[in-house]
There are 2 protein chains.
Amino acid sequence: MAVKHRVSRRSRSRSVGISDVAAAAGVSTASVSRFMHDPMRVSPKLRDRVEAAIKELNYIPHRAGRALASRQSLIVGAIVPTLENAIFSRQVMTFQQNLRDAGYTLLLATSEYDPELEFRQARVMLEHGVDALMLVGQKRGSEFYEMLERASIPFITTWIYSKNSIHPCCGFSHETAMKRVVDYVVELGHRNIGVVTGFANVNDRVAARLKGIRKALKEHGLELMRDKIAYSEYTFDAGGEALARLLEKGERPTAIVCGNDILAAGVLTEARKRNIKVPEELSVMGFGDLDIAAQLDPPLSTVRTPKAEIGEAAATYLLNSLEGRKTESRIEVDIKFCWRDSFGRASKK
Amino acid sequence: MAVKHRVSRRSRSRSVGISDVAAAAGVSTASVSRFMHDPMRVSPKLRDRVEAAIKELNYIPHRAGRALASRQSLIVGAIVPTLENAIFSRQVMTFQQNLRDAGYTLLLATSEYDPELEFRQARVMLEHGVDALMLVGQKRGSEFYEMLERASIPFITTWIYSKNSIHPCCGFSHETAMKRVVDYVVELGHRNIGVVTGFANVNDRVAARLKGIRKALKEHGLELMRDKIAYSEYTFDAGGEALARLLEKGERPTAIVCGNDILAAGVLTEARKRNIKVPEELSVMGFGDLDIAAQLDPPLSTVRTPKAEIGEAAATYLLNSLEGRKTESRIEVDIKFCWRDSFGRASKK
DNA sequence: TATAGTTGTGTAAACGCTTACACGGTAAAC
DNA sequence: GTTTACCGTGTAAGCGTTTACACAACTATA
């Protein structure tokens, strides 16, 4: 059934290579190569000739050749779930900037929260010979880590931190973060607390946050009932709908703790639509501190996560590893609780 | 005892190559290569042996070798100004997804709106042998385009459209878009219009939008005075400050037209801070329709730009070019005007 | 039966670079 | 005036693929 048709061959014209430069300059390719890496390693006379030849021929070195010969691609890979979320795009951006400053280039893929796709992308990256790899989260099959192991390249998992982590990681404990949030929420008098969260099965961070919530509640003798959790996609509208579902069941919560700011913004909008006053009647808490959080009305209480810092720290770790420098492989970053107007004391009945 | 280990050098151990597989399977490397590209091209017997050998050895093909021999890297590059803005990250994401589905991988760099940096990054991409390249905007020195010309790879400029464009492009006319906006703004009775915009010198899209504004005003016998324009960085706060500057000078405008939604959001926040009622006393118009636009209070009027569509169209164009298919090289995408509550008729004095 | 295709496989020469090694020349040490 | 060291350069063997070409073994055709 598959109709095989011949794809027109691309032009195969040789491009200007190092040997052309060598010939034009009347030197050996070795000398040109040396010049490329450190002009001071060749004599001034030769230097000038090579320089002239390069300019003359518009020579652009071909890194595939270099990669083959030197076993270094100068490429670093990153696989993130999505770029729709400012969280990851900010992280990727600083990651890339730091790599670039060190002479590396970024190969980027998204996994769309699909483990299988993530695995395939990782494999492709290894085929491309990436010198290092940045990942998000740690939950993946052992064959994934075994593959990395065999490739023996440094890698780091981000948005995860645990001092006993088996793998290099850079982030914070989502569990602790959320526990602290809920501790405070309870302190503010809230007893009936609703949760709007992403789907925990695909994402270890979501699961950890839920765990933190449960832990805090338990310590205060409370329990997170099933009908107080609404799972949702990461969109504004879905966040609003999640609130709607929560409100349909039982007594209205006095506080909603959300898995991220997108969901919280949706909740805020839905609350306004229903004339529920925030925070008087309903307190709302986000997570992540996107730029928009402070622009919402009322400004959203949330947890600030250092997206850029994570990208930078990940780059630093990988670069250190590549250079053979000793570095801490479990990096904890600071988070900050931002209590803004969307969250207040529980209304007294 | 005497363990002689040179730590500084990176491990140079040969990895499993195609020749190892060939040896293990008792066939030639050519056959393995053929198997890799199309298993049906080799006999069943040989197929099984090769398959077994590959699994046995955990063989991962090395694309640098392939790139060298076949003159195709299966890598496509993209250079965008930043990923902080959802505009570009969304575009990059769909671009990447479409490439991936076609077997290509994305090499990504940011230029931070710096032409020089963009040029250097482009050069690095060519060194990596990208098969194609996506860029944002068209304003760059001729040496840039000459370099691309010499590399003779397909490329496309995005967020730009003109039916006479010299270069392949995919986007819309910012000039026309803004002209239509202002036409309507004037129709709504506004005569005193302020503009908050990014810096036009670094960005051809900004310049085009300003041109559109001026053109529209001129047709209505109006003029954009210098003191009605505030230039600003692309941050919420800077947008607010820009409004502040505008308000200090002369009579207060009845409408503010912004270069993007971030600036508009900043303007909205600043207006609220000053107790200026939107839209009764001041109408505000954004550009771009970020997700947040509809969540703001009041919901922001803006121009919806198809970010994902641009990424996809760019990918499609490049893939078509790579496969030698004939395609339109100037692609216009639709924009949509979203009139929400932040914009209304000019208040009658 | 002779001839011409077809199919499956192997051989070996690239592809563009790096780098171990060799070598001649000059400078420093004796 | 040797010897020793070092420096700058060239030679050539890879690095892991692809692919043009050759060839043997079939199959189809006349």
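Proteins come first, then strands; the chains are lettered A, B, ... in the order of their sequence lines, and each starts at number 1.
- What separates CZ of B:Arg41 from C1' of C:dT6 is a distance of 15 Å, to the nearest Å.
- In this model, the phosphate group of C:dT9 is approached by a side-chain N or O of B:Ser43 to a distance below 4.0 Å at OP1 or OP2.
- Summarising the geometry, the separation between CG on A:Asp38 and P on C:dT18 is reported as 13 Å, rounded to the nearest angstrom.
- By the 30° and 60° cut-offs, the orientation of the rings of A:Phe155 relative to A:His167 is tilted.
- Between B:Met40 atom CE and C:dT9 atom P the separation is 13 Å, expressed in whole Å.
- Proximity of B:Arg71 to the phosphate of C:dA14: no side-chain N or O atom is located under 4.0 Å from OP1 or OP2.
- B:Glu323 contributes no side-chain N or O that, together with a main-chain N or O of B:Arg325, makes up a donor-acceptor pair within less than 3.5 Å.
- For A:Ser28 and D:dG10, the shortest distance from a side-chain N or O to OP1 or OP2 is below 4.0 Å.
- Using a 4.0 Å heavy-atom distance criterion, A:Phe35 is classed as making no nucleic acid contact.
- Toward the 5' end of DNA chain C, the nearer of the two residues B:Thr29 and B:Leu68, judged by each one's closest nucleotide, is B:Thr29.
- Nucleic acid contact for B:Ala64: none, since no nucleic acid atom lies under 4.0 Å from a heavy atom of the residue.
- Note on A:Ser19: every side-chain N or O is 4.0 Å or more away from OP1 and OP2 of C:dG16.
- Between A:Pro154 and A:Ser321, the shortest heavy-atom distance links the atoms CB-CB, 3.7 Å.
- Between B:Ser15 and the phosphate of D:dG16, there is a side-chain N or O to OP1/OP2 separation shorter than 4.0 Å.
- Defined by atom type and a distance below 3.5 Å, a donor-acceptor pair is present between the side-chain atoms of B:Thr110 and A:Gln96.
- A close approach under 4.0 Å does not occur between any side-chain nitrogen or oxygen of B:His62 and OP1 or OP2 of D:dC15.
- The side chain of B:Ser31 lies closest to C:dG10 when the candidates are D:dT18, C:dT19, C:dG10.
- Rounding to whole angstrom units, CE of residue A:Met36 and P of C:dT18 are separated by 8 Å.
- A:Ser33 has a side-chain polar atom (N or O) that falls below the 4.0 Å cut-off from OP1 or OP2 of C:dT18.
- Across all strands, A:Val32 comes closer than 4.0 Å to no nucleic acid atom at all (heavy-atom distances).
- The phosphate of D:dG10 (OP1 or OP2) has no side-chain N or O of A:Arg34 nearer than 4.0 angstrom.
- Between the P atom of D:dG16 and the CG atom of B:Leu74 lies a distance of 19 Å, rounded to the nearest Å.
- Distances were taken from every side-chain heavy atom of B:Pro61 (C-beta onward) to each of D:dT17, C:dT9, C:dC17; the shortest belongs to D:dT17.
- Look at CZ on B:Arg63: it is 12 Å from C1' on D:dT17, rounded to the nearest Å.
- For B:Asp204 (side chain) and B:Gly137 (main-chain N/O), no donor-acceptor pair under 3.5 Å exists by modelled atom type.
- Side-chain proximity of A:Leu46 to the nucleotides C:dT18, C:dA12, D:dT9 is greatest for D:dT9.
- The side chain of B:Ala69 lies closest to D:dG16 when the candidates are C:dT18, D:dG16, C:dG10.
- When the P atom of D:dC7 is taken as reference, atom CZ of A:Arg47 falls 15 Å away, rounded to whole Å.
- Across the protein-nucleic acid pair, B:Gln72 atom CD and C:dG16 atom C1' stand 17 Å apart, rounded to whole Å.
- With salt bridges taken as basic N to acidic carboxylate O contacts below 4.0 Å, none links A:Lys55 and A:Glu51.
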